[in-house]
**Student:** 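The structure under discussion is supplied below as structure tokens; questions concerning it will follow.
None of these values were measured; they are calculated from a predicted model. In what follows, every chain begins at residue 1, and chains take the letters A, B, ... in the order their sequences are listed.
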Amino acid sequence: MDIPRYWRLRNQRYRLEGSRCKECGSICFPPRFLCPHCKSAEMEPYELKGRGKIYSYTIIHQAPDIFDKNVPYTVALIDLEEGARITAQLTDIDPDDVSIGMPVEMVIRKIYEDGENGPIQYGYKFRPILFTDAGS
Amino acid sequence: MNRIMKPLKPVGIIGYGAYVPAYRLSAKEISRVWRNGQDRNYLPIKQKSVPGPDEDTITMSIEASKNALLRAEIDADRIRAVWVGSESHPYTVKPSGTVLAQVLGIYPDTVAGDLEFACKAGTEAMQAAIGFVGSGMAEYALALGTDTAQGRPGDALEYTAAAGGAAFILGPAEQAAAVLEGSYSFVTDTPDFFRRAYQHYPEHGNRFTGDLAYFLHIRSAVNTLMEELNLQPNDFDAVVFHQPNVKFPRKKAEDLGFTTDQLKDGLLVDYVGNTYAGSSVLGFTAVLDKARPGDRILLASFGSGAGSDAFSFVIHDKITEIQSKAPQTMQYVRREKQIDYASYARWRKKIRMQ
Amino acid sequence: MRKVAIIGLGQTPVREHWDYSIRQLAVQALTEAMKDAGRSNLDALFVGNMLSGALAEQEHLGALIADYAGYAGIEAVKIEAACASGGAAVRQAVLAVASGQVDTAAAVGVEKLTEFSGKFTSKGLATAADADYEASIGLSFAALNALMMQRYMYEYKVPKDDFAVFPINAHHNARFNPNAMFQYDITLRQYRKAKPIADPINLLDSSPISDGAAALIIVPLDKVKGQDNAVEVVACEMATDTLDLANRKNAVWLKAAEKSSKKAYSVAGVGPGDIDLFEMHDAFSIVSVLSLEACGFSEAGQTLKKANEGYFKIDGQLPVSTMGGLKGRGHPVGATGVYQILEAAMQIRQEAPGNIQVPDVRYAMAQNIGGSGATIVTTILSK
Ligand SMILES: [Zn+2]
């Protein structure tokens, strides 16, 4: 049970909390303590909106132990609108329908359950943009 | 005794949101597996919604709440209560509400908790939120009714036990799209349907669940509400009842003097099944999506055990501004991806490995 | 700094070694290397290993192996850099001798992946990735490489079949290496029908889970110059990149491979055109491609075309994976980097089996890659 990790990362996993450099404005996910561009230590939390496009993807058929029951599932690298790139599972999509460049949006889903007794780990996944004519 | 319930300060709905998962399982498919298709002409609904393998009451509540926040257009941290009504909380001990509060940015200045009252846990949460806001304890409160209902494989309830839910942000009436006129709750000890601790599936009393449970409680709640508010069935533009199947709410409407026209916008059970704590409130969001200023809407839940909450809401001008700010309920209802019983059994852990 | 040379080589066959423990494997390779070097004294031991803790419940390999190999008391330490652990251990041994602090150093790469059931192995291998942002959300190690392969296929519009040339070549060369795990050929037809692992990567794109150990003895060059068994280490350079794939602007360019190879070329005073053979890190077919491009052996997007024209075959312009590579010889993770350098040294010493001996090798290069390209060690050897 990686409870401290889950707890520590919850704002990142729940709300895509990355970081923004106060000096040069560059946005990072995961958040960093030092700006990789200008080396400034003046970083502030920055919530990403959770919309982007697929940069690459793979359909996993042989998964690490805890994800074994979920195969086949899709993971992708996603270029977020703000410029950061994120690794995430895709959900609510047939693996055959995934393509590079596809617009996607963040949702919160179960990432895995730590056995029958352990904690349920929630976090970001991405799905094809559901409704283009509603919300913002 | 003053039977009608009204908050000290007028309260209304300033934001609402729905969620229904993408997947559908047809009643015919369940019939094929368990009855060889022999009851295909007597099925209670056409199909039910099924949550994806990574969905549960918490994840569905999150999306419904995000939709409610899009409509409310308030900073999440002004919400001071998160109450999740459900009979399928992912944890038996550990609140769903705290996950929501963290995800939505409502924490830490808030109360958060889970409610259970079978299918009326959602309106129970609304009553609590109305009281919280109406008493002045909070400016805004978030109430949810969401479920991933479990039906025992092969049982009559398996045809309808579905997933979905709705979220409401209650706040001051002057900011509201739907203002509460009054509510009334009617409760008796009636063991029509229950699930004991550590059991996966509920038990029910077959026909006992009709007359003495569903019909008696809704009738008592709705009649008292109308009496106290001096209202007649034709004063309402729309009415939403708890909808365990197609037949019950239709019969109830007829008995109480409502028309099928008043019932139709909020009757979703044929497309999504019985979403339990989400059932009446999900129908209510579909009605709000179509409501016009000046409309009066009746909402009456039913929860086994048993009880009914009845509410009368009057629609205000703000409704037209907020309807299109988030996905509409019928958009979720219409995105349907049919699955077979095998996928359903796998996803819903109907196949027990040990 | 002193110039250094390799004078001893030792290896175990790469297999599923059910009958040998991690210490037995390491001792076998080290003993053979010391014998090959004709030495009995060792000053320092650097053990390249990734997963002994996770998969054999044994850390602290330095002291353990020094003791069991008969060198109790010497300086000994484990070096870990995921799949680049072996190359990193060699780098440490080279630095130790070059600095003048140590006269005889051994680099031993050893890995025992088959101790527990397979699910622990894949979980263990995934620890090479970013635990918080890759492995814990469902990415396997193959998945990260598949993300690179999918993007590569998209950017350069190449069909998956084109990648088959690398595993086919690796298997073909492995046929003649008695220490290789897979001593048989595979066909395009088999490649097409191979089970998917993380699409587009299939089983025949992937190197196998294996056990093994390899050892090198490193000494100052001036003491052994002219000796038949002496091979000069003209460069052994390491570079790193972001651990997670998402934080690289271009996921189909191995920046650390470019950096470490450029450093190596510059130290050795050579260019890619001077290299006679390349033991590359073909853990997955896509990694072969990206490694060749970043090292300047082919232009971005052109590698598969070149490969399918026979450029990288044993009799081509730049033979690669001459002893089977990771795909054919096997990939005992932390030992792999040492095997690669050992094989390059065998080629220079003209000790490779006949069919896979590359004639007239002046410069041989090896590149060992950790994770999805976060640690890369490039080594150039010369006669
Ligand atoms: Zn900066």
**Student:** Decide whether C/S136 and A/R13 meet the rule of one side-chain donor and one side-chain acceptor closer than 3.5 Å.
**Tutor:**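 Yes.
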**Student:** Say you draw a straight line from OG of A/S99 to OH of C/Y154; how long is it, rounded to the nearest 0.5 Å?
**Tutor:**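 OH of C/Y154 is found 8.5 Å from OG of A/S99.
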**Student:** So which part of A/I111 gets closer than 4.5 Å to some heavy atom of chain C, the side chain, the backbone, both or neither?
**Tutor:**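 For A/I111, the contact with chain C is made by the side chain alone.
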**Student:** With a sphere of 6.0 Å drawn around NZ of C/K263, does it hold more than 12 non-hydrogen atoms of other residues, nucleotides or ligands?
**Tutor:**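 Buried by this count: over 12 neighbours within 6.0 Å.
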**Student:** Name the option with the most non-hydrogen atom pairs under 4.5 Å to chain A; the candidates are C/A251, C/A142, C/G138.
**Tutor:**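 Heavy-atom pairs under 4.5 Å are most numerous for C/G138.
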**Student:** Take atom CD in A/E44; do more than 12 heavy atoms of anything else shown fall under 6.0 Å from it?
**Tutor:**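 More than 12 within 6.0 Å, yes.
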**Student:** Where the side chain of A/T58 meets the backbone of C/A146, is there a donor-acceptor pair that is under 3.5 Å apart?
**Tutor:**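 No.
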**Student:** Are the side chains of A/H61 and C/I197 in contact, using a 4.5 Å heavy-atom criterion?
**Tutor:**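 SC-SC contact between C/I197 and A/H61 ruled out.
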**Student:** Ignoring hydrogens, what is the shortest heavy-atom contact between A/P64 and C/S122? Give both atom names and the distance.
**Tutor:**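 What the structure gives for the nearest pair is CA-OG, 4.0 Å.
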**Student:** Where is the tightest heavy-atom contact between C/Y133 and A/P30, given as atom of each residue plus distance?
**Tutor:**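 Heavy atoms of C/Y133 and A/P30 come nearest at CZ-CB, 3.2 Å.
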**Student:** Tell me, for A/A84 versus chain C, whether the close heavy atoms (under 4.5 Å) come from the side chain, the backbone, both or neither.
**Tutor:**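 For A/A84, no heavy atom lies under 4.5 Å from chain C.
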**Student:** Please check if atom CD in C/E299 has more than 12 non-hydrogen atoms from other residues, nucleotides or ligands closer than 6.0 Å.
**Tutor:**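 No, because the 6.0 Å sphere around CD of C/E299 holds 12 heavy atoms or fewer from other groups.
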**Student:** Once rounded to the nearest 0.5 Å, what's the spacing between atom CG of A/L77 and atom CZ of C/R248?
**Tutor:**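 The distance works out to 10.5 Å.
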**Student:** Please state whether the side chain, the backbone, both or neither of A/L9 comes within less than 4.5 Å of a heavy atom of chain C.
**Tutor:**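 Looking at A/L9, just its side chain touches chain C.
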**Student:** Using side-chain heavy atoms (C-beta onward) and a distance below 4.5 Å, is A/T87 in contact with C/L245?
**Tutor:**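 Side chain of A/T87 against side chain of C/L245, heavy atoms only: no contact under 4.5 Å found.
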**Student:** So which part of C/A131 gets closer than 4.5 Å to some heavy atom of chain A, the side chain, the backbone, both or neither?
**Tutor:**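 Both parts, heavy atoms under 4.5 Å.
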**Student:** Would you say A/Q89's side chain and C/I137's backbone share a donor-acceptor pair under 3.5 angstrom?
**Tutor:**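 The answer is yes, because a donor-acceptor pair under 3.5 Å joins these two groups.
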**Student:** With a 4.5 Å cut-off on side-chain heavy atoms, are C/K195 and A/Q62 touching?
**Tutor:**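 When only atoms from C-beta onward are counted, C/K195 and A/Q62 do touch, with a gap below 4.5 Å.
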**Student:** Using non-hydrogen atoms and a 4.5 Å limit, figure out which bit of C/D244 sits close to chain A: side chain, backbone, both or neither.
**Tutor:**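 Side chain only.
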**Student:** Please say whether more than 12 non-hydrogen atoms of neighbouring residues, nucleotides or ligands are located less than 6.0 Å from NZ in C/K255.
**Tutor:**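 At most 12 heavy atoms, drawn from other residues, nucleotides or ligands, come within 6.0 Å of this atom.
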**Student:** A/T74, A/V75, A/D65: which one forms the most heavy-atom pairs within less than 4.5 Å of chain C?
**Tutor:**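 Highest number of pairs under 4.5 Å: A/D65.
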**Student:** Counting only non-hydrogen atoms closer than 4.5 Å, does A/Y57 touch chain C with its backbone (N, CA, C, O), its side chain (CB onward), both, or neither?
**Tutor:**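 A/Y57 touches chain C through backbone and side-chain heavy atoms alike.
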**Student:** In a check of side-chain contact (heavy atoms from CB on, under 4.5 Å) between A/I100 and each of C/R151, C/E155, C/M153, which one passes?
**Tutor:**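 Result: among C/R151, C/E155, C/M153, C/R151 is the only option passing the side-chain contact (heavy atoms from CB on, under 4.5 Å) with A/I100.
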**Student:** Of all of C/S140, C/P200, C/A126, which one pairs up most often with chain A through heavy atoms under 4.5 Å apart?
**Tutor:**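 Among C/S140, C/P200, C/A126, the one with the most close pairs to chain A is C/S140.
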**Student:** Side chain, backbone, both or neither: which part of A/R109 has a heavy atom under 4.5 Å from chain C?
**Tutor:**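 Neither part; nothing is under 4.5 Å.
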**Student:** Would you mind checking which part of A/Y55 comes under 4.5 Å of any heavy atom in chain C, side chain (CB onward), backbone (N, CA, C, O), both or neither?
**Tutor:**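 The answer is both parts of A/Y55.
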**Student:** Under a 4.5 Å heavy-atom cut-off, does chain C meet the side chain of A/Y73, its backbone, both or neither?
**Tutor:**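 Interface part for A/Y73: side chain.
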**Student:** Less than 4.5 Å to any heavy atom of chain A: does that hold for the side chain of C/K249, its backbone, both, or neither?
**Tutor:**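 The backbone, not the side chain.
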**Student:** Go through the atoms of C/N247 and report whether side chain, backbone, both or neither lie under 4.5 Å from a heavy atom of chain A.
**Tutor:**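 Side chain only.
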**Student:** Would you find more than 12 non-hydrogen atoms of other residues, nucleotides or ligands less than 6.0 Å from C/K306 atom NZ?
**Tutor:**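 Enclosed.
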